[in-house]
Amino acid sequence: MSVMSQMSSRRLRISSSPNRNSTVNSPMQSQQSEREQTLGQSVPSTPNVSSTAGDESWKVGSMHDDGRLRIEVIGKLLEPSGKCSRVITETIYERVEPTGFNWKEVSKETKNFYFEEFKKSFVWRQEDRLIYRAWLSKASRRYSNFCSDARKKWENGEQDNRIGTHVWLRWVEFWGTPDFQAKSTIQKRNRKAGEDHYPATHTGGSASHRAHAAILAETNEKVPTPTDIYEHTHTVNNDRVNWINKKAERVYKRIKELRELRSQPLEGSSEPQHVDEDQLFFDAVGGLDNRNRIYGLGSLQNIIYGPQSSCQIATSRYNSNFNDDYHQMQVELQEMKDLVKELQQTRDDELQEMRSQMNEMKNQLAMVLNNQN
């Protein structure tokens, strides 16, 4: 049986459709509804919706007629994720405010500028408000990383040349205040979780959990369970033996214990019971944490369990159109392959340049020796 047939009854992504709002409103987001309504009202009004919203040939990650890339919100996340992130980061470089120490302090005008620049590279068929909410979430994370990278350079005695001098001096002044230093110390201690160093959270690198799920599906020709993905992203070199930290190992032991318990044959039967792997993983990690997250799944949480993760966990993964879902994973996987190919080509070009320079030096040295003789 082909991988497509094997995976057709399982869900790796929430299918999306034009102007669909089900990925926005859910029980899981009830505590954030007021904040999201405020954000939704502030979305820049310039429309960016494709006129081909009902086009069956629409493919996320493909090029639109006007040269922009087609994107979509799937499971509350922008896809293709990597390309959206790169454009957002590049746009941040273009305008940095002296008081933009964090995303909260960035002015509404600058945030609107970032989003308008984003619209120049992408087109979508969903409502602008839905795209804008997903963009806000990703942009805030990218900006946070941008600020963190700049601060690390300052702590190492360097200056981030991506930031103008007048802005840099204001940021350095802010980072040196007692209030910021006190908060920074507390946050660093919390991230270390009592260790002498920052514990690894996963081994997936910059690739998303969605990309790793796509790789596993392609390699093993079957849909990966949450545990399959967890083992792949939480063991050293993906060996499924050596866990990255004690918590990761404890969770896996709990998974094994629950699986053994739930697979026990019923009284009067010798056949083991079927184990719902989605529910098993959810229970083993302790369900949702205080921020409505499921430990160990990252961006796959909404894809596997749906945005309604706080209810109907056991049944939310099924009944989706897999052909579209699988295509989204392949888009991200191809993006990774293209990046690797580009890096390899750059390395080959550099090696060729070095060889040419060495040959030229050899020829010059030979000429010098001939002249001396």
Side-chain angles (χ1 to χ4, degrees), residues 1-16 59-61 74-75 77 79-82 202-205 207-244 248 251-265 271-285 294-306 309 312-337 340:
M1 185 182 293
S2 68
V3 61
M4 294 290 285
S5 299
Q6 292 181 42
M7 297 179 72
S8 61
S9 63
R10 296 294 300 278
R11 175 179 186 165
L12 279 179
R13 286 189 181 275
I14 299 171
S15 61
S16 61
K59 294 294 183 182
V60 176
I74 302 175
L77 303 170
E79 294 291 349
S81 176
H202 63 81
T203 59
S208 69
H209 282 60
R210 300 185 299 269
H212 287 289
I215 293 172
L216 288 174
E218 185 176 78
T219 302
N220 301 328
E221 296 190 347
K222 67 175 185 178
V223 57
T225 67
T227 301
D228 291 333
I229 300 163
Y230 180 77
E231 289 182 76
H232 182 77
T233 57
H234 287 75
T235 54
V236 179
N237 297 323
N238 317 122
D239 63 8
R240 299 175 179 257
V241 176
N242 298 299
W243 298 92
I244 57 173
V251 167
Y252 183 68
K253 288 181 179 179
R254 179 59 177 162
I255 292 173
K256 292 176 64 177
E257 292 171 356
L258 286 179
R259 183 181 289 116
E260 182 177 355
L261 179 64
R262 296 181 182 184
S263 62
Q264 291 294 321
E271 293 294 325
Q273 295 187 75
H274 169 73
V275 177
D276 185 327
E277 289 291 331
D278 298 341
Q279 187 70 50
L280 170 70
F281 185 85
F282 181 79
D283 294 338
V285 301
I294 299 175
Y295 169 74
L297 287 183
S299 58
L300 279 172
Q301 173 175 329
N302 293 323
I303 294 166
I304 292 177
Y305 296 104
S309 297
Q312 299 178 343
I313 289 296
T315 60
S316 65
R317 188 169 178 173
Y318 302 92
N319 302 322
S320 73
N321 185 337
F322 172 74
N323 289 331
D324 288 342
D325 298 344
Y326 188 73
H327 174 73
Q328 310 310 328
M329 293 189 299
Q330 293 301 93
V331 167
E332 188 165 346
L333 179 59
Q334 186 59 49
E335 183 181 344
M336 293 175 58
K337 291 180 178 179
V340 170

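Any value given below was found using the heavy atoms of this structure, including those in side chains, with hydrogens, waters and symmetry copies removed.
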_Value rounded to 0.5 Å, distance of OG1 in Thr225 from CG in Asp276_ = 10.5 Å
_If the condition is side chain to side chain donor-acceptor pair (under 3.5 Å), which residues does Arg259 pass it with, not counting sequence neighbours?_
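Side chain to side chain donor-acceptor pair (under 3.5 Å) check on Arg259 returns Glu277.
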_OG1-NE2 distance between Thr219 and His232, expressed to the nearest 0.5 angstrom_ =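 One finds 8.0 Å between OG1 of Thr219 and NE2 of His232.
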*From Thr227 OG1 over to Ile255 CD1, what is the distance, rounded to the nearest 0.5 angstrom?*
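One gets 4.0 Å once the value is rounded to the nearest 0.5 Å.
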*Who are the side-chain contact (heavy atoms from CB on, under 4.5 Å) partners of Leu297, not counting sequence neighbours?*
Pro226, Phe281, Ile294, Leu300, Ile304, Tyr305
*In chain order, what residues pass the side-chain contact (heavy atoms from CB on, under 4.5 Å) check against Arg262, with sequence neighbours excluded?*
Leu258, Val275, Gln279, Leu280, Asp283
*Atom of Ala217, atom of Pro224 and distance for their closest heavy-atom approach*: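 Closest approach of Ala217 to Pro224: CB-CD, 4.0 Å.
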*Please answer whether the main-chain N or O of Ala248 pairs with a side-chain N or O of Tyr230 as donor and acceptor at a distance below 3.5 Å.*
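Checked: pair present.
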*To the nearest 0.5 Å, tell me how far Leu261 CG sits from Gln273 CD.*
9.0 Å
*At their closest point, which heavy atom of Gly296 faces which heavy atom of His234, and how far apart are they?*
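That closest heavy-atom pairing would be O-CE1, 3.4 Å.
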*Verdict with supporting geometry, Lys253 and Trp243, side-chain contact (heavy atoms from CB on, under 4.5 Å)*: CA-CA 11 Å; Lys253 288 181 179 179; Trp243 298 92; over 6 Å; no
*What residues, two or more places apart in sequence or in another chain, satisfy salt bridge (charged side-chain N to carboxylate O under 4.0 Å, His left out) together with Glu260?*
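With sequence neighbours excluded, Glu260 shows a salt bridge (charged side-chain N to carboxylate O under 4.0 Å, His left out) to no residue whatsoever.
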